[in-house]
Protein chains: 2
Amino acid sequence: MELTERKLKILQAIISDYVRTAEPVGSRTISKKYDLGISPATIRNEMADLEEMGYLTHPHTSAGRVPSDMAYRLYVNALMEKKELSREEKSIISQRLQSNVHEFEKTIEHAASLLSEITNLTSFALTPTKEEDALRFINLLPVDEKTIVLMIVSESGKISNTALTINAPYSEENLQLLAKAMTYNYKGKTISEALTNNIIESFESDIAAMSGLAHDIMPNFMRTLEDMLNVNLYMEGLSNIFDIPEYNDLQKAKSFIEMLSQKDIFTRKLLERDDGIIVTIGAENADDIMNDCALITASYHVDGKLVGKIGVIGPTRMKYGEITSVIEYMTDNLSDTFKLESGGNDKDE
Amino acid sequence: MELTERKLKILQAIISDYVRTAEPVGSRTISKKYDLGISPATIRNEMADLEEMGYLTHPHTSAGRVPSDMAYRLYVNALMEKKELSREEKSIISQRLQSNVHEFEKTIEHAASLLSEITNLTSFALTPTKEEDALRFINLLPVDEKTIVLMIVSESGKISNTALTINAPYSEENLQLLAKAMTYNYKGKTISEALTNNIIESFESDIAAMSGLAHDIMPNFMRTLEDMLNVNLYMEGLSNIFDIPEYNDLQKAKSFIEMLSQKDIFTRKLLERDDGIIVTIGAENADDIMNDCALITASYHVDGKLVGKIGVIGPTRMKYGEITSVIEYMTDNLSDTFKLESGGNDKDE
DNA sequence: ATTAGCACTCTACGCAAGTGAGTGCTAACA
DNA sequence: TGTTAGCACTCACTTGCGTAGAGTGCTAAT
């Protein structure tokens, strides 16, 4: 069967109405509200066709039609018009995102919060993965007799520290030397690369005095690197789902919140997604528990390289057009912000 | 009217039964299940008295009795027996808390998670407030021509960094000098004190070369200090509330989750609470939205000084005895852990 | 002072009837 | 041949009613 122009128009009308009302849409409604110049009976025939083709479903015999995942997919791919944000909306977003720029993590958190405010959905933001981030500088600093600080600075400006207790006595000179050696060895390597390249062996046979020092330090160095790879997940607007009819049921609400509470798992899923604006609808989400959800994510860039993500999750019935526009504008804005900031002050989280 | 021995026994039986079942307790139930040697009729009379005294309420005429906030308060103050944890339970807790010790924040987060697992309630943990933490060491490190790192180490081992872009050219010598001066000036001062003591003026008239440097650095120093004061709030087991009859209603569940989503406000409330094990029941929580909740918090110590908090929140109907025992054991354990760790490896978050 | 007995109250549950939105089919129409 | 009006049918949802059951409070007996 062919997807005629008229069928598309009807489908679009149904989607548009359903997204607004969350109620199954009847033929009469379409005929009255949308000026298609055809009678309810004709629309019913077309609807039956659309259902046969898989674009619509039927909660029960005497109910109106509801768009299927397939319909939303078609809508996102072909029918949807990206909404151009108004000057005002844009300025609000830019302004709100600027307010806290000097604190990277705060900015990201704030972006998530803003997004949930605008969309009335649950939103999230992921700080960049640092696998591509290269090491720039390693230092070892004496604090007192038994304590030194290991400090790692990455190209993106990320700093990480560990305070270490040293068993063997150390000289400041040795520390400097070891730090220089480590910097020399690791500079320019990405964190991932550095993690697979433990130089402790090469020190082993070197100057004896430094061997003990290196032994104390290297495990902590590795652990610190691992820690630098970690991303933070911020989530906002969780309670928004209570205002969404789809979750108007304790069981549904529970499983939604349970899913999002498993931050590790959810983070992994986000990391697996491609960059750019990605929309996954219903069953397209591999996970069973997300089969009733749509997920929209987009990536922002830090320093033109590192990639973080931001997005929303909600019922498949969502305003795809508006939301993608907002997210796109926000990620552009974030990427710009973090480009200007490049080399600037960037607080370690 | 006097609170006779028998009345207390009946009250305790009612509380005990209600805490378990969440159903209003009738006189027959008490008479049958609890061996008080008195008939339902007598119990009814006593119940009527207890109600008059304010310890019980009555959802409706033909329902059993429900303990009031006042009853729980009496229970917590006088009737409750602290449950001695079994060897096994203790060892599970100790073990789970040890697993991640090298990462302070992770340990705290883990403690919250463990607590919610044990209690089946929503739990939270607050990292220590650092107002009492004194500065130990300030350093300024050259990274490249335009970038330096400002590093602050506190007595408790907390480290904080900021990468700064420096406009004026700097010499390594000047950096060292400035760092030394700052350390000299701030060492031993608490963060709060340091925040009210901007030394930039005293530098103003000093060596000219360092004035520009200080100007670049001091605002960032202050901001970093402010940041060091911030506490982190971890929350776990949010979805547990869906299994609690009291929240078996979307409206209730929503307001609960909304309340806890406002992390800033909730954190402030936690900080305001006294140290030690504090139980607040229903209307005792100043906040209207927490009038149906009970909140149990306890404080743990880091290095014998800094104080963090951990606790649970749930309906007023909760197992006060067990929970306070668990929390007490956990905070003791945490305090011990962080005492041993004192001066040891402590990862900056 | 305690208890058995009993009338009374109130919620919760199930069932039946009614309502209304919406469909699918058929036959008439342009 | 595509479109439309008409109509019977379906099914969820609401409302009202009757009943069962749990529990109280009172009274009178022990």
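Within every chain, numbering begins at 1; the chains are lettered A, B, ... in the order of the sequence lines, protein sequences first and strands thereafter.
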Mark up nucleotides 25-30 of chain D, 5' to 3', with B wherever a protein heavy atom is under 4.0 angstrom from a base atom, S wherever such an atom reaches only the sugar-phosphate, and - elsewhere.
B-----

Report the distance from atom NE2 of A:H60 to atom P of C:dA21, rounded to the nearest whole Å.
13 Å

Please give, in whole Å, the distance from D:dT4 P to A:R28 CZ?
15 Å

Expressed as a whole number of angstroms, how long is the span from B:D49:CG to C:dT2:C1'?
14 Å

Using a distance-only test with no angle check, is there a side-chain donor-acceptor pair under 3.5 angstrom linking B:T280 and B:N285?
yes

Between B:I43 (CD1) and C:dA4 (P), how many Å, whole number?
11 Å

Taking the inter-plane angle between the rings of B:F124 and B:F266 on a 0 to 90° scale, is it parallel (under 30°), tilted (30 to 60°) or perpendicular (over 60°)?
perpendicular

Side chain of B:S62 only, please: which of D:dA22, D:dC11, D:dT4 is the nearest?
D:dA22

Would you say the ring centers of B:F242 and B:Y247 fall short of 6.0 Å from each other?
no

Gap between atoms CD and C1', on B:E23 and D:dG21 respectively (whole Å):
13 Å

Select from B:V25 and A:S39 the residue whose nearest nucleotide in DNA chain D is closer to the 5' end of that strand.
A:S39

Side-chain ion pair, A:K252 and A:D292, N-O less than 4.0 Å:
no

Should we say atom CG of B:N77 is surrounded by more than 12 heavy atoms from elsewhere, each under 6.0 Å from it?
yes

Here the residues of residues 4-13 of chain B within 4.0 Å heavy-atom distance, strictly under, of DNA chain C are B:R6

B:K83 bridged to B:E89 by N-O distance under 4.0 Å:
yes

Whole angstroms only, please: what is the CG-C1' distance between B:L36 and C:dA1?
16 Å

Over how many whole Å does the gap from B:E46 atom CD to C:dT3 atom P extend?
11 Å

For A:K263 and B:E236, run salt bridge (Lys or Arg N to Asp or Glu O under 4.0 Å): C-alpha distance rounded to whole Å, both residues' side-chain angles, the deciding distance at 0.1 Å, then the answer.
CA-CA 11 Å; A:K263 292 201 167 189; B:E236 298 285 335; over 6 Å; no

Shortest non-hydrogen pair, B:I313 vs B:C293, comes out as CG1-CB, 4.2 Å

When you check the gap from the basic side-chain N to the acidic O, do B:E328 and B:K82 get nearer than 4.0 Å?
yes

